[in-house]
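Report on the structure given below.
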Amino acid sequence: MLIHGWTADSHDWSWQLPVLEGKYRVVAVDLRGHGRSQIMPSGSYDPEDYVADIEALIERDFPGQKFILVGHSMGGQIAARLSVKRPDLVGGVISVDGSLGFSDALGPIFRKTTMDLKRKDPAIVGPALFEAVYDPATDPGIKRWHARRLQGTSIHAVRESFGPLFFGASQVGLGKQSEDFLRTVRVPFYHLCRDQEQEARMRGWFSNPKSRVEYWDHAGHWIMQDRKEDVTSAIVAWIDAL
């Protein structure tokens with residue numbers, strides 16, 4: 001099951017789908033307020049809301065089945081949360097630069113973004129944040145696609161989804177709270193990240209012997225779009241080795 005990130009949709013996985021669909025049964029979701037899914041009212045975009053949606057989808061449409069959850073950014077955190085809440089539904093998690101394990105040093109940047117999203121035009125705030133996490137070689141067309149897609153995403157989803165990933169009593173994206181949470185993960189977990197310090201920091205957090213944390217260079221936050229074939233091959237190799 002492929003789970004996209006904040007302000008994105010299931011099309012983010014377009015470059016992986018041809019190979020994955022040729023090997024596995026694949027479900028690519030649009031989260032609430034994103035893509036073609038239902039727009040919910042304000043106050044319905046906490047991580048727990050997204051987790052509940054994925055949990056309900058699996059129980060309703062795929063009873064008795066387990067999924068490998070592949071999540072990007074916010075989707076990686078949603079996948080991790082579901083794996084802890086309902087390990088009976090999850091066979092493993094692949095987190096592609098998921099919103100997990102970030103240093104407290106990034107807190108002020110994330111807090112400013114959270115406040116700016118509330119007070120300013122998200123169509124400006126979002127792309128400015130994206131620009132800071134692209135690789136120099138990221139295709140300009142991809143950048144424009146990301147910016148334009150954000151403009152078509154529910155304003156509630158854009159403004160309300162970001163902050164709870166990193167702030168509040170139940171956040172699991174930042175600092176010691178993230179570490180403590182990830183140490184409770186029992187399913188196999190494969191985390192791809194763009195920060196060598198994060199890789200070194202997170203390596204010892206996972207108890208499952210099949211878990212892995214890898215640093216990926218020459219890629220921006222959308223690793224699966226900057227290094228399409230490499231990420232697809234890595235996903236397949238890890239799943240097939242489980």
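Treat the numbers as computed from the prediction; the structure is a model and nothing was measured.
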How long is the span from the CG atom in Leu129 to the CD1 atom in Ile124, to the nearest 0.5 Å? 14.0 Å
Would you say Leu150 ends up clustered with Ile155 if hydrophobic residues are merged whenever their side chains have heavy atoms under 4.5 Å apart, either directly or through other cluster members? no
For Ser10 against Val29, the heavy-atom pair lying closest together: CB-O, 3.4 Å
Basic-acidic side-chain contact under 4.0 Å: Asp97, Arg194: yes
Using the rule ring-ring contact (aromatic ring centres under 6.0 Å, His included), only one of Trp205, Phe181, Phe206 pairs with Phe189; which is it? Phe206
Would you say that Phe62 contacts Arg25 through its side chain, given a criterion of any heavy-atom pair below 4.5 Å between the two side chains? yes
Report yes if the side chains of Tyr45 and Ser154 come closer than 4.5 Å at any heavy-atom pair, otherwise no. yes
If we ignore angles and hydrogens, is there a donor and acceptor under 3.5 Å between the side chains of Glu197 and Ser103? no
Are side-chain heavy atoms of Pro47 and Arg81 found at a separation under 4.5 Å? yes
Considering non-hydrogen atoms only, spot the tightest contact between Val187 and Gly92 and give its length. CG2-CA, 4.2 Å
Quick check on the hydrophobic clustering: are Val133 and Leu174 connected, directly or via other members, by side-chain heavy-atom contacts under 4.5 Å? no
Smallest separation among heavy atoms of Gly101 and Ser178, with atom names: N-OG, 2.8 Å
Short side-chain donor-acceptor distance under 3.5 Å, His156 and Ser44: no
Other than Tyr215, what residues sit in its cluster of Ile, Leu, Val, Met, Phe, Trp and Tyr side chains whose heavy atoms are under 4.5 Å apart, directly or through others? none
Where Gln198 and Cys193 come nearest, the two heavy atoms and their spacing: OE1-CB, 2.8 Å
Any link between Val125 and Tyr134 through a network of hydrophobic side chains (Ile, Leu, Val, Met, Phe, Trp, Tyr) touching at under 4.5 Å? yes
Measure the spacing between CD1 of Ile39 and NE2 of His34 and express it to the nearest 0.5 Å. 10.5 Å
Rounded at 0.5 Å granularity, tell me how far CD in Gln171 sits from OG in Ser99. 11.0 Å
List the atom pairs, with distances to 0.1 Å, where a side-chain N or O of residues 230-242 and a protein N or O form a donor-acceptor pair under 3.5 Å, not counting sequence neighbours.
unit_1	atom_1	unit_2	atom_2	d
Asp230	OD2	Arg227	NE	3.2
Asp230	OD2	Arg227	NH2	3.1
Thr232	OG1	Gln16	NE2	3.2
Thr232	OG1	Lys228	O	2.9
Ser233	OG	Glu229	O	3.1
Trp238	NE1	Lys210	O	3.2
Asp240	OD1	Tyr24	OH	2.9
Asp240	OD2	Lys23	NZ	3.3

Given side chains that start at C-beta, do those of Leu192 and Ile94 come closer than 4.5 Å, heavy atoms only? yes
I need the Ser73 OG to Ile3 CD1 distance, nearest 0.5 Å. 12.0 Å
Between His72 and Gln225, does any side-chain donor sit less than 3.5 Å from a side-chain acceptor? no
Please report the closest heavy-atom contact between Ala80 and Leu100, naming both atoms and the distance. CB-CD1, 4.0 Å
Spell out, yes or no, whether Leu17 and Trp145 are grouped together once hydrophobic residues are joined by side-chain heavy atoms under 4.5 Å, including indirect joins. no
Taking the side chain as every heavy atom from C-beta outward, state whether Thr7 and Phe130 have any atom pair closer than 4.5 Å. yes
Any sub-3.5 Å donor-acceptor pair from Asp49's side-chain atoms to Asp46's backbone N or O? yes
Side chains of Asp53 and Leu57 in contact at under 4.5 Å (non-hydrogen atoms): no
May I ask you to say whether Arg149 pairs ionically with Asp12, meaning some side-chain N is under 4.0 Å from a carboxylate O? yes
Please give me the minimum heavy-atom distance between Arg183 and Arg186, naming the atom from each residue. O-NH1, 2.7 Å
Quick one: CG on Asp30 to CG on Asp9, what's the gap to the nearest 0.5 Å? 5.5 Å
Among Leu20, Val26, Val96, whose side-chain contact (heavy atoms from CB on, under 4.5 Å) with Trp13 holds? Val96
Between CD on residue Glu214 and NE2 on residue His191, distance to nearest 0.5 Å: 10.5 Å
On the 0 to 90° scale, with breaks at 30° and 60°, tag the Trp222-His146 ring pair as parallel, tilted or perpendicular. parallel
Heavy-atom side-chain proximity of His4 to Leu31 below 4.5 angstrom: yes
Report, one line per pair, each donor and acceptor closer than 3.5 Å where one atom sits in a side chain of residues 158-169; sequence neighbours left out.
unit_1	atom_1	unit_2	atom_2	d
Arg159	NE	Leu117	O	2.6
Arg159	NH2	Lys120	O	3.1
Glu160	OE1	Gly43	N	2.7
Glu160	OE2	Ser42	OG	2.5
Ser161	OG	Tyr50	OH	2.6
Ser161	OG	Ala157	O	2.7

For residues Leu82 and Glu55, determine if any side-chain heavy atom of one lies less than 4.5 Å from a side-chain heavy atom of the other. yes
Can you hop from Val213 to Leu106 via hydrophobic side chains spaced under 4.5 Å? yes
